[in-house]
Amino acid sequence: MGIIAWIFIGLIAGAIAKALTPGKDPGGIIITMLIGIAGGLLGGFLGKVIFGVDSIDGFFDLSTWIAAIIGSVILLALYRVFAGRSHRGGHAHA
């Protein structure tokens, strides 16, 4: 698949991941889109390493979309943990 296809899948996977993991995100829509793109790549990598399947066969394969969404959910959760800590740690409480 080409880079444009991965960007498109990542954008949609990021939106789906955000819908599946409700809550306030420390970043905006741009961060969510970048997390979606990276999550798609992470999901494809994890699918290959853990399960031995080529989860990035093609744009219309269900496995490609599932891998991208799972990878996006993982990265979004990690982002919330680490970004949330830095936001909480920098404020003085009265």
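Scope of the values below: all heavy atoms of this structure, side chains included, with no hydrogens, waters or symmetry mates.
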Task: Polar side-chain atom of R80 near backbone of T21 as donor-acceptor pair, under 3.5 Å - done: yes
What distance separates [X] [atom1] from [Y] [atom2], expressed to the nearest 0.5 Å?
X   : Y   : atom1 : atom2 : result
I16 : I9  : CD1   : CD1   : 10.5 Å
L20 : I70 : CG    : CD1   : 10.0 Å
L76 : I74 : CG    : CD1   : 11.0 Å
L34 : S72 : CG    : OG    : 11.0 Å
I37 : L11 : CD1   : CG    : 5.0 Å

TODO: State, with a plain yes or no, whether a side-chain heavy atom of I35 is found less than 4.5 Å away from one of L78.
DONE: no
